[in-house]
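Per chain, numbering begins at 1; letters A, B, ... match sequence-line order.
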Amino acid sequence: MIDERQQERASLYALELLEGAEHAQFETDLAQDRELQSLVGVLRNASAALAHCANPARPPAGLKDRILASIDEAAEVAAEANPVIRPPLSSFRQFIPWAAAACFALIATWFGLRAMTARSETDALRNLNRLGEITLQSSRQQLEAERIVTQHLRNESAREFAAATANLEQARALLGAREQQLAEVRTQLANRDQLVTEREQLLAAARREVRARESEVTALVNRVDALTGASADVGRQLGGANLRIAQLTNALKTQGDLAEFKITTLASLLKNSPQALAVAVWDPAKQEGVLKIEKLPALAADQDYQLWIVDPQYPNPVDGGVFTVEPASGAARFQFKSKQPVAAVNAFAVTLERKGGVPKAEGPFVLLGK
Amino acid sequence: MPSSLSCCLDGLSGAVLVHKAGAPQSAPEWMSAPVSSPSPEDRQRIDAQLLQRVAQRDRHALAELYDRFSGPLYGAALQIVRDPTEAQDVVHDTFVSLWEKAATFETTRGSAFAWAVTLTRNRAIDRVRMRRRRAELLEAAAPGDFGYDESGPGNSGDAAARGEEARAVRAAVAGLPAEQRRALELAFFGGLTQEEIARQLAAPLGTVKARIRRGLLKLRDTLAPRS
């Protein structure tokens, strides 16, 4: 049973369409398969019948004669190469001519054999020539097939190259666009970096300012605390002084003379000692008094505090005397007398004077009370 | 334009032509009026016997083979080479080869007619390939160029000269599907390779091979002797 593939190869072989290795393989199969040989035979007959489908055409009348003349000419050439052997003579006298003829025949035979040999060689050469033609034809067909395949591959390669070139151009254009975008992004990043740097500088300045403000606030808080503490002390001192005044007032009242006494509280005029305080009690009858002082600044060695009594009848305050205070507490109790008779007391004042005092106030006022 | 093989569509009625054995000096068969219709096996047997006589250097046998074969051989050669002078040379060379190589003929490899057609076709294709470049051949081998000329000499007054075998073949080919007929036509007359036929038909190579196989097998079955 011959399968379809072998039938196909047999059909192509019958039409001489098999080439190269396929042709050689099929001939090998053909030599070993009688059934395949039979199929090839009938397929050859069928394919040969296609010749009847050519446009009908009459061969020229002289063609047959030309063919027959060609083979006759070939036959004559062959006949010329064959010697004519004559029958031998019977008489002895004719021996010599027969001998000559025999020699001639031998020579002719030799030439004939040479001619046959030459003809065989010619046939062999013709066969070789035919084989060469077939080989050449096969090679041409193979070369043509390879040329067609190569051309096809070349065309395919050219198309692929064109496509690759187009893709490359697109990729380059895309790359250019991306590079441009990248440059823009880099510019934006640089601008943002600069902005960030400026913001950081502003932030650092703001932080420094905040720290300075914090320091100021801390100092202010400390100062407020200090002032609060000082105010509390002053309050306590005022409370104590008022209590003392009340006690003294009560004591004077008990003595019956309190209505005649002039009691005055002197306040500090010093910026560096605002808490300084003094209370003066004047007895007009005795023309003397007592001054109670607290928290006056300590005096230098060449200075004294001097008390002045302001009486409207005199153009200048009346000298009340000089006194000093305890350096540590700034406190003192000074009992004084006026240098001149005092009728009415409008105010008491304390000034800072040179050691021993002066007849007329020269130094700065330290305390004043009306 | 109708194809060459489409000629088989023309009428099959009319006188029945036959191969004739013997009568070496008789007129060509395709020109004679037949009186009987031998079977295909008889025709092949007679052809083989004539070829055996040719192998024995019988020029009369060669003359008779010429009368039996020259019509289709010349028509096929002319169809391929497209030149009457070259077609004559092809047929001349074919019969000289038959004269010289008749002794090598083997009936198992096909009929005598098939052998003669093969010799003719090979020589014709060789001449075309030598004469033209391959591209020119491909151009000339366009399917349209194989059209059968309805107005040719064989269509009008020579119907009786084509012979019964030619009629049978044409009828068988006409019965093939068009694509099989086209593939066989390009393969036989075009001298094209398988790949070239596939390109001409714009069909895959495997399809073309299958068409050739089916067409040739169907032709074989149609032309097979009826028992």
Do you know which two heavy atoms are closest between [X] and [Y], and how far apart they sit?
X	Y	value
A:Arg58	B:Tyr74	O-CE2, 3.3 Å
B:Val91	A:Ile67	O-CD1, 4.2 Å
B:Val169	A:Ala49	CG1-O, 3.0 Å
B:Arg121	A:Leu15	NH2-O, 3.1 Å
A:Ala14	B:Leu216	CB-CD2, 4.3 Å
A:Arg44	B:Ala114	O-CB, 3.7 Å

So [Y] and [X], do their side chains get closer than 4.5 Å, heavy atoms only?
X	Y	answer
B:Thr193	A:Leu17	no
B:Ile125	A:Glu16	no
B:Arg57	A:Ile71	no
A:Lys64	B:Asp67	yes
B:Glu196	A:Ile148	yes

Measure distances from [X] to the heavy atoms of chain A and classify the residue's part below 4.5 Å as side chain, backbone, both or neither.
X	value
B:Glu106	neither
B:Arg214	neither
B:Thr118	side chain
B:Asp93	neither

Task: Contact winner vs chain A - B:Leu73, B:Ile197, B:Asn122, heavy-atom pairs under 4.5 Å - done: B:Asn122

Open item on the list: Assess the residue pair A:Arg66 and B:Asp89 against the criterion (salt bridge (charged side-chain N to carboxylate O under 4.0 Å, His left out)); give the C-alpha distance rounded to whole Å, side-chain angles, the decisive distance to 0.1 Å, and a yes or no.
Closed with: CA-CA 10 Å; A:Arg66 189 152 65 92; B:Asp89 290 343; 3.8 Å; yes

For the side chain of [X] and the backbone of [Y], is there at least one donor-acceptor N/O pair under 3.5 Å apart?
X	Y	result
B:Arg109	A:Gln37	no
A:Asn45	B:Ser111	yes
B:Gln88	A:Pro59	no

Would you compute the distance between atom [atom1] of [X] and atom [atom2] of [Y] and round it to the nearest 0.5 angstrom?
X	Y	atom1	atom2	value
A:Arg130	B:Ser97	CZ	OG	7.5 Å
A:Glu144	B:Glu195	CD	CD	11.0 Å
B:Arg59	A:Asp72	CZ	CG	4.0 Å
A:Ser11	B:Arg211	OG	CZ	15.0 Å
A:Asn55	B:Gln79	CG	CD	4.5 Å

Using a 4.5 angstrom heavy-atom cutoff, name the option from [options] with the most pairs to chain B.
options	answer
A:Ala10, A:Ser38, A:Ala51, A:Ala46	A:Ala51
A:Gln137, A:Arg140, A:Glu19	A:Gln137
A:Val40, A:Val149, A:Leu43, A:Val42	A:Leu43

